[in-house]
> 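Would you mind keeping the following structure in view while I ask a few things?
Since this is a predicted model, take the numbers as computed values, not measurements. Chain identifiers are assigned alphabetically (A, B, ...) following the order of the sequence lines, protein sequences preceding nucleic acid strands; residue numbering begins at 1 within each chain.
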Amino acid sequence: GEDVEQSLFLSVREGDSSVINCTYTDSSSTYLYWYKQEPGAGLQLLTYIFSNMDMKQDQRLTVLLNKKDKHLSLRIADTQTGDSAIYFCAESNDYKLSFGAGTTVTVRA
Amino acid sequence: NAGVMQNPRHLVRRRGQEARLRCSPMKGHSHVYWYRQLPEEGLKFMVYLQKENIIDESGMPKERFSAEFPKEGPSILRIQQVVRGDSAAYFCASSLDQGEGYYGYTFGSGTRLTVV
């Protein structure tokens, strides 16, 4: 099975909060990342969290890590139309990142 | 300071032809990583190269695929005798050195290979 799993789709109303969830299996993961991919573009690193942290906030983004359950989430406050994209969760403990299949977030007016 | 540059952006090849994908790392970076994204899947690690050396090619298919990162010039991912299953987006990333666990490197915009 996949090492990193995410739900495939999320629809959210503009102005609401989005929460994207991810689970991973590798307990030795050192860093966990969230990437954003817009259509036809590369992956943009949004934020990351070190495995000894349980929360990280960066402007509209909040990352929560439950290491015991191997669960990672990304909350986007006040979601805007420009937030429509595919969001990838990834983990690593060396130079190889393992990615989930991505969550397609659609923001509706 | 330009980011990771990949070209071409789109590449169409007939079955049996060769595909050559190029990646120019960020200025000063000597470590390059290639990933492949199959349709509706996440990125999968293929190969890690330093200048003139392949460090880890554990994610590369055993046949038809090769990669190099010469002393001068871009890194090249080469796929010989392409098949339809090679159709994917190929992404490259680079880093200054091999750090201590943090690999949130920036990816290029990718090359989207279509085999017809």
> Closest heavy-atom contact between A/Gln37 and B/Phe91?
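Shortest heavy-atom separation between A/Gln37 and B/Phe91 comes out as NE2-CZ, 3.4 Å.
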
> Could you verify whether a donor N or O on one side chain and an acceptor N or O on the other, from B/Ser58 and A/Lys96, lie under 3.5 Å apart?
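Judged by distance alone, the side chains do pair up.
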
> If you tally heavy-atom pairs under 4.5 Å against chain B, which of A/Cys89, A/Ala101, A/Gly102 wins?
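Heavy-atom pair counts peak at A/Ala101.
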
> Assert yes or no for the condition that the ring centre distance of B/Phe107 to A/Tyr35 is strictly below 6.0 Å.
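Between A/Tyr35 and B/Phe107, which both carry aromatic rings, the centre distance is below 6.0 Å.
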
> Would you say A/Val4 ends up clustered with A/Tyr87 if hydrophobic residues are merged whenever their side chains have heavy atoms under 4.5 Å apart, either directly or through other cluster members?
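Yes; tracing contacts between hydrophobic side chains, which count when under 4.5 Å, links both residues.
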
> Are the side chains of A/Phe99 and B/Phe45 in contact, using a 4.5 Å heavy-atom criterion?
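SC-SC contact between B/Phe45 and A/Phe99 ruled out.
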
> Quick check: is B/Phe69 connected to B/Val4 through a chain of hydrophobic side chains (ILVMFWY, heavy atoms under 4.5 Å apart)?
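No; tracing contacts between hydrophobic side chains, which count when under 4.5 Å, never links both residues.
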
> Please look at B/Gln37 and chain A and tell me whether the side chain, the backbone, both or neither of the residue comes under 4.5 angstrom of a heavy atom of that chain.
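Side chain only.
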
> Should we count CD of B/Gln81 as having more than 12 external heavy atoms under 6.0 Å?
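For B/Gln81, atom CD is not crowded (no more than 12 foreign heavy atoms under 6.0 Å).
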
> Give a yes or no on whether B/Leu38 and B/Val12 share a hydrophobic cluster (residues Ile, Leu, Val, Met, Phe, Trp, Tyr; joining criterion: side-chain heavy atoms under 4.5 Å apart).
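No, no single cluster joins them.
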
> What class does the angle between the rings of A/Tyr95 and B/Tyr48 fall in, given that below 30° is parallel, 30 to 60° is tilted and above 60° is perpendicular?
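Ring orientation of A/Tyr95 relative to B/Tyr48: tilted.
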
> Is it the case that more than 12 heavy atoms not belonging to B/Arg15 sit under 6.0 Å from its CZ atom?
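It does not: B/Arg15 CZ has 12 such atoms or fewer within range.
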
> Might you confirm whether atom CZ of A/Arg108 has over 12 heavy atoms from other residues, nucleotides or ligands at distances under 6.0 Å?
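It does: A/Arg108 CZ has more than 12 such atoms within range.
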
> Which atom pair, heavy atoms only, marks the closest approach of B/Tyr105 to A/Leu97?
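The pair with the smallest heavy-atom distance is OH-CD1, 3.6 Å.
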
